[in-house]
Asker: 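First the structure, which I've put down as structure tokens, then a few questions once you've had a look.
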Amino acid sequence: MALRIYNTMTHKKEEFQTLEPNRVRMYVCGPTVYNKAHVGHAMSALVFDIIRRYLDYRGYQVSHAMNFTDVDDKIILRANEMKVDPFALAEGYIREFEQNLADLNILPATIKPRATQEIPQILKMVQDLIDNGYAYPLNGDVYFRVRKDEDYGRLSGRKLEDMQAGARIDVDSRKEDPMDFALWKSARPGEPSWESPWGPGRPGWHIECSAMNLTHLGEQIDIHGGGNDLIFPHHENEIAQTESLTGKPFARYWVHNGMLQLGGEKMSKSLGNLVTIEDFLAQHPADALRLMVLTSSYRGPLTFNDEVIATAERGVERLRSALRPALPGAAGAPQSTLDALAKQMETTQATFIESMDDDFNSSGAVAGLYELVRSINQARADGARDAELAPAQAKLRELGAVLGLTLQEEQRGAQGADPFVDLLVELRTEMRKQKQWAFSDLIRDRLAALGVVLEDSKEGTRWRWNA
RNA sequence: GGCGACGUGGCCAAGUGGCAAGGCAAGGGUCUGCAAAACCCUGAUCACGGGUUCAAAUCCCGUCGUCGCCUCCA
């Protein structure tokens, strides 16, 4: 069975065929860096990280580009408010975002272009579009002429007529058509700008992505991704610009992730209902956010609230539970148990591929992982030795890694606290021997309040930092 | 108003024509000094109304509802 991907352009799942064998060119729209990144940005980055890892697992060599929009109105506005240099502001947020991604175990994109580093290519594209009649200068700005592009609106399924009816913005009456969009914006005094044939200015929002694609990936790419809030106008305009110039279909597959919902609304900078990635990671493991994304459908909305987070954290715990060692004194599991475990490994592997091949159905893939977890835990309870558990645990780690799950226990305790926890646990063990239950329970409760979980068993007490 | 996605047990979520995966929560049990973890057991006819079919959660039509986009937005 082949990999199938839902294509926003055709509204169908289509069999995945690359332009070049075993090679994938993927471009994902990154953030505009005028503020701290929030978990909604993380969701998008996670979705495409999962896709990228899976394509890699399936044997493709993936060129993964993610851009930074590092010059635009909001950056300039915010820099002015804060009285700092806009480029320095952008640079700072880019570094923070890259750190956020690393903390989330998201692989760095192989290509990380920035708008400000593409100015020559952008100027050339704008000039070419003017030369071809697809664009026109107007008092220092340059606009794309949507009427000239017959199939404008193809991606988002809109017609120019329909859109005009709903347009609510102030229309610049100088433009030939209200829907014409800026390729180049003239600079006002004090704004960062570059010299151009039309006067000093800066690139419009959409053109940078077209230019970066052309420069770094070529005229045609396999996958173009981003949040579904970018379908219109951003991606629509990218298509218009790029295809008007190259005359070739721009991207084979348009892939869009759904929005993270907070309090029933899209989490966004403009609505102000956001949780930064930094804040999230201060309280929860990276695997938890990833598991939330994995167990929902990437195309649909994802609800973000305390209950969903708690569920994901427990899920992470459950996955990790399978990686624990054999019970002390394990004498080996019955053959029937080992056979069942071996069979489950195969089933899980098959389910994994089958699910992920079906438009990255990670929820189904994770369900298979949970089934393997249960089999492993069953085998352990049946007395399996470490060596008997190892292959299944390795399989769990392997498939977990394909999804980007670390399954690592958190090392979140205060630095150097571990020996002291050991000491308390040791003291408590002595108390338990003397049946000093009240004291034992007090220690357990107090440690729990500090984030340390104790688990007693016949063979002794084990402890870990709570996620 | 236009375009699109979606509506499956208390919650999250697979399944897209042939007996409704999985996780969390809940209840019962094993284990435990108690607890935790782990293991075992228990629950849904799939928003609603029509239609197609031997057979539909799954296809078609309609209704209602949720969300996104139509303005910067992952």
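Proteins come first, then strands; the chains are lettered A, B, ... in the order of their sequence lines, and each starts at number 1.
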Asker: Could you work out which one of rG15(B), rA74(B), rA38(B) sits closest to the side chain of Arg318(A)?
Answerer: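 It is rA38(B).
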
Asker: Please tell me which of the listed nucleotides, rG33(B), rA74(B), rA5(B), lies nearest to the side chain of Asp441(A)?
Answerer: rG33(B)

Asker: Which listed nucleotide (rC72(B), rG33(B), rA74(B)) is nearest to the side chain of Asn257(A)?
Answerer: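 Out of rC72(B), rG33(B), rA74(B), the nucleotide with an atom closest to Asn257(A)'s side chain is rA74(B).
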
Asker: Kindly compute the distance separating CD1 (Ile94(A)) from CG (Asp70(A)), expressed to the nearest 0.5 Å.
Answerer: 5.0 Å

Asker: Taking the C1' atom in each of rC40(B) and rG68(B), what is the distance between them to the nearest angstrom?
Answerer: 44 Å

Asker: Take atom C1' in rA14(B) and the same atom in rG7(B), then report the distance between them in whole Å.
Answerer: 15 Å

Asker: Expressed in angstrom and rounded to an integer, what is the separation of Leu447(A) atom CG from rC34(B) atom P?
Answerer: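 Atom-to-atom, Leu447(A) to rC34(B), this comes out as 21 Å.
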
Asker: Classify the ring geometry between Phe144(A) and Phe181(A) as parallel (under 30°), tilted (30 to 60°) or perpendicular (over 60°).
Answerer: parallel

Asker: Rounded to the nearest angstrom, tell me the gap between atom CD in Gln436(A) and atom C1' in rC34(B).
Answerer: 15 Å

Asker: Across the strands shown, which category fits Gly368(A) at heavy-atom distances under 4.0 angstrom: base, sugar-phosphate, nothing?
Answerer: nothing

Asker: Determine the Euclidean distance between corresponding C1' atoms of rA57(B) and rC48(B); express it in Å to zero decimal places.
Answerer: 14 Å

Asker: Please measure how far the C1' atom in rG65(B) lies from the corresponding atom in rC31(B), and state the result in whole Å.
Answerer: 47 Å

Asker: Provide the Watson-Crick or G-U wobble partner of rA44(B), both distances under 3.5 Å; none if there is no partner.
Answerer: none

Asker: Applying the side chain to side chain contact (heavy atoms under 4.5 Å, CB included) test to Ser321(A), which of Val316(A), Asn377(A), Ile376(A) qualifies?
Answerer: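 Considering Val316(A), Asn377(A), Ile376(A), a side chain to side chain contact (heavy atoms under 4.5 Å, CB included) with Ser321(A) is found only for Asn377(A).
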
Asker: Which whole number of Å gives the distance between the P atom of rA56(B) and that of rU52(B)?
Answerer: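 Nearest-Å result for rA56(B) against rU52(B) at atom P: 12 Å.
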
Asker: How many Å lie between CD1 on Ile443(A) and P on rA36(B), as a whole number?
Answerer: 19 Å

Asker: Starting at the 5' end of RNA chain B, which residue's closest nucleotide do you reach first, Arg158(A) or Asp358(A)?
Answerer: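 Nearer the 5' end of the strand: Asp358(A).
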
Asker: Between Asp287(A) (CG) and rG23(B) (C1'), how many Å, whole number?
Answerer: 15 Å

Asker: Under 4.0 Å between any heavy atoms, over every strand shown, what does Ser297(A) touch: base, sugar-phosphate, or nothing? Just pick one.
Answerer: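 Sugar-phosphate only.
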
Asker: Is Gly300(A) touching bases, backbone alone, or none of the nucleic acid, heavy atoms closer than 4.0 Å?
Answerer: nothing

Asker: Between Asn228(A) and rC69(B), does any side-chain N or O lie under 4.0 Å from OP1 or OP2?
Answerer: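 No, Asn228(A) has no side-chain N/O under 4.0 Å of OP1/OP2 on rC69(B).
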
Asker: Closer than 4.0 Å, any side-chain N/O of Arg299(A) to the OP1 or OP2 of rG4(B)?
Answerer: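 Checking Arg299(A) against rG4(B): no side-chain N or O falls below 4.0 Å of OP1 or OP2.
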
Asker: I'd like the P distance from rU8(B) over to rC41(B), given in whole Å.
Answerer: 27 Å

Asker: When the P atoms of rC54(B) and rU16(B) are considered, how many whole Å apart are they?
Answerer: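 It works out to 23 Å between them.
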
Asker: Which part of the nucleic acid, if any, lies within contact of Arg428(A), taking any heavy atom under 4.0 Å across all strands shown: a base, the sugar-phosphate backbone alone, or nothing?
Answerer: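 Contact class for Arg428(A): base.
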
Asker: Atom CG of Asp229(A) and atom C1' of rU71(B): how far apart are they, to the nearest Å?
Answerer: 12 Å

Asker: To the nearest Å, give me how far apart CD (Gln434(A)) and P (rG33(B)) are.
Answerer: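 Atom CD in Gln434(A) sits about 16 Å away from atom P in rG33(B).
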
Asker: What's the CD-C1' distance between Glu371(A) and rA13(B), to the nearest Å?
Answerer: 14 Å

Asker: I would like to know whether Thr242(A) and Asn213(A) meet side chain to side chain contact (heavy atoms under 4.5 Å, CB included); could you show each step before the answer?
Answerer: CA-CA 9 Å; Thr242(A) 303; Asn213(A) 266 291; 5.9 Å; no

Asker: Would you measure the distance from the P atom in rG43(B) across to the matching atom in rC34(B) and give it in whole Å?
Answerer: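 Each nucleotide's P atom is 29 Å from the other's.
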
Asker: Assess whether one donor atom and one acceptor atom, taken from the side chain of Asp456(A) and the base of rC34(B), lie less than 3.5 Å apart.
Answerer: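 Side chain to base: pair present.
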
Asker: Given rA74(B), rA36(B), rC40(B), which nucleotide is nearest the side-chain atoms of Leu260(A)?
Answerer: rA74(B)

Asker: Could you please name the partner base of rC6(B), counting Watson-Crick and G-U wobble pairs only when both distances are under 3.5 Å?
Answerer: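 Pairing partner, where one exists within any strand: rG65(B).
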
Asker: Between Tyr6(A) and Phe232(A), just flag the one whose closest nucleotide in RNA chain B comes earlier from the 5' side.
Answerer: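 The residue mapped nearer the 5' terminus is Tyr6(A).
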
Asker: Search all heavy atoms of Leu341(A) against all heavy atoms of Ala379(A) and return the closest pair with its distance.
Answerer: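 Looking at all heavy atoms of both residues, the closest pair is CD2-CB, 4.0 Å.
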
Asker: Tell me whether the OP1 or OP2 atom of rC69(B) has a side-chain N or O from Lys266(A) closer than 4.0 Å.
Answerer: yes

Asker: When you compare the ring of Tyr370(A) with the six-membered ring of rG23(B)'s base, are the centres less than 5.5 Å apart and the planes under 30° from each other?
Answerer: no

Asker: Could you work out which one of rA74(B), rA36(B), rC34(B) sits closest to the side chain of Val453(A)?
Answerer: rA36(B)

Asker: Return the nearest nucleotide to the side chain of Ser296(A); candidates are rA13(B), rA74(B), rC72(B).
Answerer: rA13(B)

Asker: Counting only side-chain N and O atoms of Arg314(A), is one of them less than 4.0 Å from OP1 or OP2 of rA38(B)?
Answerer: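 Arg314(A) to rA38(B) OP1/OP2: no side-chain N or O under 4.0 Å.
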
Asker: Checking base pairs now: Watson-Crick or wobble, both atom distances under 3.5 Å. What partners rG1(B)?
Answerer: rC70(B)

Asker: If you look at every strand shown and take non-hydrogen atoms under 4.0 Å, does Asp73(A) touch a base, only sugar-phosphate, or nothing?
Answerer: nothing

Asker: What nucleotide, of rA38(B), rA37(B), rA74(B), holds the atom closest to the side chain of Leu230(A)?
Answerer: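 Of all the options, the side chain of Leu230(A) is nearest to rA74(B).
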
Asker: Tell which nucleotide pairs with rU30(B), taking only Watson-Crick or G-U wobble pairs whose two distances are both under 3.5 angstrom.
Answerer: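 By the stated definition (distances under 3.5 Å), rA38(B) pairs with rU30(B).
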
Asker: Measure from the side-chain N and O atoms of Glu388(A) to the backbone N and O of Arg385(A), and report whether any donor-acceptor pair falls under 3.5 Å.
Answerer: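 Side chain of Glu388(A) to backbone of Arg385(A): a pair is present.
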
Asker: Contact class for Arg380(A) vs. all strands (heavy atom < 4.0 Å): base, sugar-phosphate, or nothing?
Answerer: nothing

Asker: Is it true that Glu317(A) and Arg320(A) make a salt bridge, defined as a side-chain N closer than 4.0 Å to a carboxylate O?
Answerer: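 Arg320(A) and Glu317(A): salt-bridged.
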
Asker: Is any side-chain N or O of Arg374(A) under 3.5 Å from a base N or O of rG22(B), one able to act as donor and the other as acceptor?
Answerer: no

Asker: Look up atom CG in Asp149(A) and atom CD1 in Ile239(A), then write down how far apart they are to the nearest 0.5 Å.
Answerer: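 Spacing of CG (Asp149(A)) from CD1 (Ile239(A)) equals 9.5 Å.
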
Asker: Measure the distance from CD on Glu236(A) to C1' on rC69(B) and round it to the nearest whole Å.
Answerer: 11 Å

Asker: Looking only at atom types and distance, does a side-chain atom of Arg290(A) sit under 3.5 Å from a main-chain N or O of Gly404(A), one as donor and one as acceptor?
Answerer: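 A pair under 3.5 Å: yes.
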
Asker: Using a heavy-atom cut-off of 4.0 Å across all strands, would you classify Leu291(A) as base, sugar-phosphate, or nothing?
Answerer: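 Nothing: the residue Leu291(A), judged by heavy atoms under 4.0 Å, touches no strand.
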
